[in-house]
Amino acid sequence: MYEFAVTPAVTQLRRPGVIITDVAPESLAEELELRPNDRIVRVNGRPIRDYLDFRFQTAGETDLTFRVKKVTGETWDIEFERDEGEDFGLMFEQIVPRQCANECLFCFCKGNPEDARPSLFVRDEDIRLSFLYGNYTTLSSITEDEMKRIIEQRLSPQYVSVHATDLKTRAYLLGVDESRADISDKLERLLAADIELHAQVVLCPEINDGKILEKTLRDLAAFYPKVVSTAVVPVALTRYNTDERLTRVTPEFCRRTIREVETLQKEFRKTLGVTFAFLGDEIYLKAGADIPSKRHYGNYPQIEDGVGMVRSFLTAFGGLLSLPPAVAGGLTRRSGSINRRTHFAAMVPNNAKKADLQPPVTAGSSDFGTFLTGEMFAPVLSAQIDKYNAMTGSRHTVLAVPNTYFGGDVSVAGLLSGSDFLAMKGKVAGDFVVIPRITIKSDEPIFIDGMSYDELKMQFPVPLFDLDTDGLVELLKREN
Ligand code: SF4
């Protein structure tokens, strides 16, 4: 999920239009004398609400008129022509997320420590962000305007948290009445308009599991291929989720769920030709079960929801282990991971600049480093690193980092905090330390608890690096 910064704009009155944040030198926009903080309010007479509207209204147009509220207070109407496909050279403010009107039993906001960074309390429910970044919405409070916008602007695919097709259960989980929970008409309308949907079920033991889950998956599969896939991910309860209606996910529950869903998956593969309903990696890891094959995941439609990440890692690492043994290689420029769910039109701030500025790694000449990861993934990583060590004579080590920030049964790598890593300082060994890149905020080098990446680095006696799977494989790849 893409996490947005909380800015004063979230709470302030929104003016119509989209604000320019940057103008590229020598661009068409500069020629038009557009400046940062100017607001484009109309394109060819049509109102603009955000940069998505701007892209939609300008796409394919060569004769254009912009109405611009200049930062000086003047209003300009600018008529101009551009070459086909010519870029404007404009950057815009981010979309301010629309907030949900639900009271989900398991809402992640209720599981945050009170002092968590403000952006973790943003309850976004925004069809634009669903299209651009793959964020899930429940569609329970979607307006007619938003419905029309999805269809008119082809904001497809949409990612929908269904949780249960049994209405009573869905209403109970979302904390809303049944009329609001009922999205059957909306789904049908979107599907009839050829909008593709990816569905999600947050699985809560004793609420939407068993027969309810079976009905949900069958109901959704009936709409395949317009409903492209469904992810079933276990509810994760931190120590702050104290709602007695929620039951923690146990290994036995995971094993039962795998048995039940496997039967359906086999059926779907026979009738639909695809697995369609995917269980989150956590369910297999917690159950101590084998991770399904690459074939099972097809093109990994829900990988960013933690579905198939482990298989994808094992495949990438398997490629590394099949290389001929040689001297351990250095950390080369990372290839970067593919963000499969993020649309090309999305503006994604990232902290890659920070990563690029890292010094050429001395790790290249070292066969002894420590890899820190979450308790859930540590045994998987450790088994692969052991194979790598046996093959190369390296002495790398993997340490499982307990999540003390959220506590409860949170053990995924992505929710580790700076203070969790810091607590491991006395245990790391070797010449360098690697942490999962996913633990750093996408647009700012800070951890979930607000600790800065630099602060953590300063506390470690050896260089510290943040890597994704590609980066890790690059680090370990030997030079021939
Ligand atoms: S939809 Fe539910 S889980 Fe999502 S932010 Fe709203 S209350 Fe929380």
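First listed ligand is number 1; within each ligand, the first listed atom is number 1.
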field: Sidechain N-carboxylate O distance under 4.0 Å for D126, R128
entry: yes
message: Tell me the protein heavy atom at minimum distance from atom 4 (Fe) of ligand 1, and give that distance in Å.
response: F108 CE2, 4.1 Å
field: Plane angle bin for H198 and Y159 - parallel if under 30°, tilted between 30 and 60°, otherwise perpendicular
entry: parallel
- request: Would you mind listing which atoms of ligand 1 come within a distance below 4.0 Å of any non-hydrogen atom of R123?
  value: 5 (S), 7 (S)
- prompt: Between E93 and R39, is there a salt bridge with N-O shorter than 4.0 Å?
  reply: no
- request: Give a yes/no answer: is there an N/O/S atom of C100 under 2.8 Å from atom 6 (Fe) of ligand 1?
  value: yes
query: For ligand 1, which atoms, with element, lie under 4.0 Å from some heavy atom of T138?
result: 1 (S)
statement: In ligand 1, the atoms that come under 4.0 Å of a heavy atom of N102 are 1 (S), 7 (S)
task: Specify the protein heavy atom at minimum distance from atom 2 (Fe) of ligand 1: its residue, its atom name, and the distance to 0.1 Å.
output: C104 SG, 2.3 Å
- prompt: Is E267 salt-bridged to K270, cutoff N-O under 4.0 Å?
  reply: no
message: Please verify the inter-ring angle class for Y300 with Y297; under 30° counts as parallel, over 60° as perpendicular, anything in between as tilted.
response: parallel
Heteroatom N/O/S of C107 within less than 2.8 Å of atom 8 (Fe) of ligand 1: yes
